[in-house]
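All values below come from the heavy atoms of this structure, side chains included, with hydrogens, waters and symmetry mates left out. In what follows, chains carry the letters A, B, and so on, assigned in the order in which the sequence lines appear, proteins first and then strands, with residues in each chain numbered from 1.
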Protein chains: 4
Amino acid sequence: MIDRILSATAQVLAEKGYAGLSTNRVAAAAGVSIGSLYRYFADKNELIEQLRARSSADVLADLTGALTAAVTMPARDGVHHILSVLVHAVQRHRAVTTAMIAEAPLGAHGNILPEVERQLAQMTRLFVAVHAPGLDPLEADARIHLAMGVTLNACLRIALDPPPGVTEDRLISLTADLLVLGLVPDL
Amino acid sequence: MIDRILSATAQVLAEKGYAGLSTNRVAAAAGVSIGSLYRYFADKNELIEQLRARSSADVLADLTGALTAAVTMPARDGVHHILSVLVHAVQRHRAVTTAMIAEAPLGAHGNILPEVERQLAQMTRLFVAVHAPGLDPLEADARIHLAMGVTLNACLRIALDPPPGVTEDRLISLTADLLVLGLVPDL
Amino acid sequence: MIDRILSATAQVLAEKGYAGLSTNRVAAAAGVSIGSLYRYFADKNELIEQLRARSSADVLADLTGALTAAVTMPARDGVHHILSVLVHAVQRHRAVTTAMIAEAPLGAHGNILPEVERQLAQMTRLFVAVHAPGLDPLEADARIHLAMGVTLNACLRIALDPPPGVTEDRLISLTADLLVLGLVPDL
Amino acid sequence: MIDRILSATAQVLAEKGYAGLSTNRVAAAAGVSIGSLYRYFADKNELIEQLRARSSADVLADLTGALTAAVTMPARDGVHHILSVLVHAVQRHRAVTTAMIAEAPLGAHGNILPEVERQLAQMTRLFVAVHAPGLDPLEADARIHLAMGVTLNACLRIALDPPPGVTEDRLISLTADLLVLGLVPDL
DNA sequence: TATGAATGAGCGTTCATTCAT
DNA sequence: TATGAATGAACGCTCATTCAT
């Protein structure tokens, strides 16, 4: 039931945009009474938040796989792989992501993908520790914080608003270069 | 009066968020009748757009100054200077920026300051042409597109959500390094 | 509920006139929330249209009965009967009629009861065909068009703004004479 | 000034319809401040009422001429002449008449052309007294009341919503026959 | 548990009217 | 006298939320 409602939410979002997302419409799309919707979700915010969480978890699953694969690759290749997986994950959730970025009052829900950022940051800390062991931890954290912004922003741009005339793969490569250089310039 | 209303808009935005921004609320906050608001602004959209334009113009003025100053500096110092000015401009317009950018922090199109990005991109194109004349134009444009995302995103993070334990100046320095490396790696 | 709202609409119309007819006022008069009103009527127009349709159907029912009865009567008596029924139907729907017809008493298009006029016109065409078979069809249609105006206008005058000193029945008789003479002068 | 405002009112009525008639718009169209408008007209109602009165006076002037001419004609010709003049007068004021019939809350202002009806009724009383001296006065008044409705309604229909396939002159002739027959059947 | 009719605060917007200048 | 900026009640309408069944 919860799943049915969340899927309907995503569908309404895709079809009508954030402005067209009403609880009554979601309930109708889910083939569920509005009363039932409120049995499973305290309010509209929670509905949105859980949809975001669900997308986030889905992306996270992909990311975990990518991270596992990446550890056995050369540094730059690993970064490239992770970025590529992220870009495709964002594209898969285009509807939710677009609607939320473009229109949702996200102030209430924080970042769109905080879990993803957290997991990614953790992994990156490991990566930095391995490849630049001499770096001051605070300095490393600062770099990682910035890098997270760069990573997520770049993935969103590449997935949802790519510049014309350049392949997606080239954009990912450029971003990977940027990140590796930014994180461990001496590599 | 126009000023009073726009300021009230920024204030309501800061206090209630984008979703809580209503014309009646703005009028009340401005100590003005709702009728007066509609004498000066055709509709709610225009109100928002003018607030954005006003912030944009303000930031743009700073940016133009910074760009002028930057041309006479060594490349990295110039970038650092520009970033610094941008960070402070964002801080000055925290309310607008938070409501309109930071609520969609990874914003692919979430640039409420397209004029700023445009001007910055133009300047960056010049910079790249000077420092990396051999670069393929399409490739250069792709890099610039990414760099714009990085720049604006980093400025927002530094201004509105800085990581603890590191000075703002250090963060700006790191970003400057990242950008210069990313744009003209052979420098 | 629908009935309650439509009755309230008629009541507000009677008390405040067409210009004073607001959806909120209707809802209040019906002892119903404004939200409920909009559950049953898509918008204000539909509310008005359904009230009109309902009155129209009611009048039409009377009219149909009267027409059936009239065919077995001598011509003048039949016309008299029909007029009488119409006058009473108008009186019964005084509120709606007053608001929508009588406020534009000379109404060229002011027929809020087009179905009634249509049905009446059809019957009249038959009547003319029977009693004045030699008449040119276009000429007949013109007479009928005028006669419809005369009929409805007279009924309204008799029902809502009768001249003093004469019985209603006498007025109806005069109108019947006028109509029969006007339609088939040679009768 | 008063004239300028009334003309502007008629113009706005013609261009925007009754629903688009606002005092501010009228003032703007008249090239006069809204404050001045309210110096000359107590409120919007008065503005409308005076416009109606002005049109009425204009029609009345024509009517008076027609009546004068009609007294020297044979009865039916006189009636035909009067109707013809009325039809053209209504056509000349098409904008005002249409707007007011179709949309104005005339409940507040009564008939559109009460002065015209009054004058016409007076003249008709004379006509009946001459041509049917034996008629009971109350009965005569009833006939006249009905005839006024017929006359004005027919003129409006002929002027604003004529049936197709028949000339205006024929319609006027039919109406004249109807009226003469209805008023003094023994003629 | 599930339903969906009912609610009503609040939205963006209009416009007749006032009054300080 | 003339101005027009300012007012605010009221409009049509939406939608998150409740609660009797």
Inset, instruction - Measure the distance from NZ on B:K44 to C1' on E:dG10 and round it to the nearest whole Å. - result: 12 Å
Legend entry - Test side-chain contact (heavy atoms from CB on, under 4.5 Å) applied to A:R39 - qualifying residues, sequence neighbours left out: none
Legend entry - Set of residues satisfying salt bridge (Lys or Arg N to Asp or Glu O under 4.0 Å) with respect to B:D58, sequence neighbours excluded: B:R92
Legend entry - Between C1' of F:dA16 and CG of A:L47, the distance in whole Å: 12 Å
Legend entry - C:S22 vs F:dA10: side-chain N/O to OP1/OP2 distance below 4.0 Å: no
Inset, instruction - Could you say whether D:L37 or C:D43 is positioned toward the 5' end of DNA chain F, judged by the nucleotide with the nearest heavy atom to each? - result: D:L37
Legend entry - D:T97 (side chain) donor-acceptor with D:H93 (main chain) under 3.5 angstrom: yes
Inset, instruction - Could you state the atom-to-atom distance from OH of C:Y38 to C1' of F:dC13 in whole Å? - result: 5 Å
Inset, instruction - Figure out the NZ/P separation between B:K16 and E:dG10, and round it to whole Å. - result: 10 Å
Legend entry - Residue-phosphate contact under 4.0 Å: D:T23 side-chain N/O, E:dA16 OP1/OP2: yes
Inset, instruction - Give the dot-bracket string for DNA chain F, reading 5' to 3', where a pair is Watson-Crick or G-U wobble with both distances under 3.5 Å, ( ) marks pairs inside the strand, [ ] marks pairs crossing earlier ones, | marks a partner on another strand, and . marks unpaired. - result: .||||||||||||||||||||
Legend entry - B:N45 CG to E:dC11 C1', straight-line distance once rounded to whole Å: 14 Å
Legend entry - Full working for salt bridge (charged side-chain N to carboxylate O under 4.0 Å, His left out) between D:E115 and D:R54: CA-CA 11 Å; D:E115 297 90 343; D:R54 205 180 64 158; over 6 Å; no
Would you give me the side-chain donor-acceptor pairs under 3.5 Å for residues 6-15 of chain C, sequence neighbours excluded?
unit_1, atom_1, unit_2, atom_2, d
C:S7, OG, C:D3, O, 2.9
C:T9, OG1, C:I5, O, 2.8
C:Q11, NE2, C:E15, OE2, 3.4

Inset, instruction - Could you tell me whether a side-chain N or O of B:R52 sits under 3.5 Å from a main-chain N or O of B:V96, the two making a donor and an acceptor? - result: no
Legend entry - Nucleotide E:dT17, atom C1' - distance to CD of D:E46 in whole Å: 14 Å
Inset, instruction - Please assess B:Q50 against B:E46 for the test side chain to side chain donor-acceptor pair (under 3.5 Å), listing each intermediate value before the final yes or no. - result: CA-CA 6 Å; B:Q50 290 208 14; B:E46 195 180 300; 3.2 Å; yes
Legend entry - Position toward the 5' end of DNA chain E (nearest nucleotide), B:R25 or D:R25: B:R25
Legend entry - Sequence-distant partners of C:S22, side-chain contact (heavy atoms from CB on, under 4.5 Å), two or more places apart: C:N24, C:R25
Mind listing the N/O atom pairs, protein and nucleotides 4-6 of chain E, below 3.5 Å?
unit_1, atom_1, unit_2, atom_2, d
E:dG4, N7, A:G35, N, 3.1
E:dA5, OP2, C:R39, NH1, 2.6
E:dA5, N7, C:R39, NH2, 3.3
E:dA6, OP2, C:Y40, OH, 2.3

Inset, instruction - To the nearest Å, give me how far apart CD1 (B:I48) and P (E:dG12) are. - result: 9 Å
Inset, instruction - Taking the side chain as every heavy atom from C-beta outward, state whether B:I2 and B:F41 have any pair of such atoms under 4.5 Å apart. - result: yes
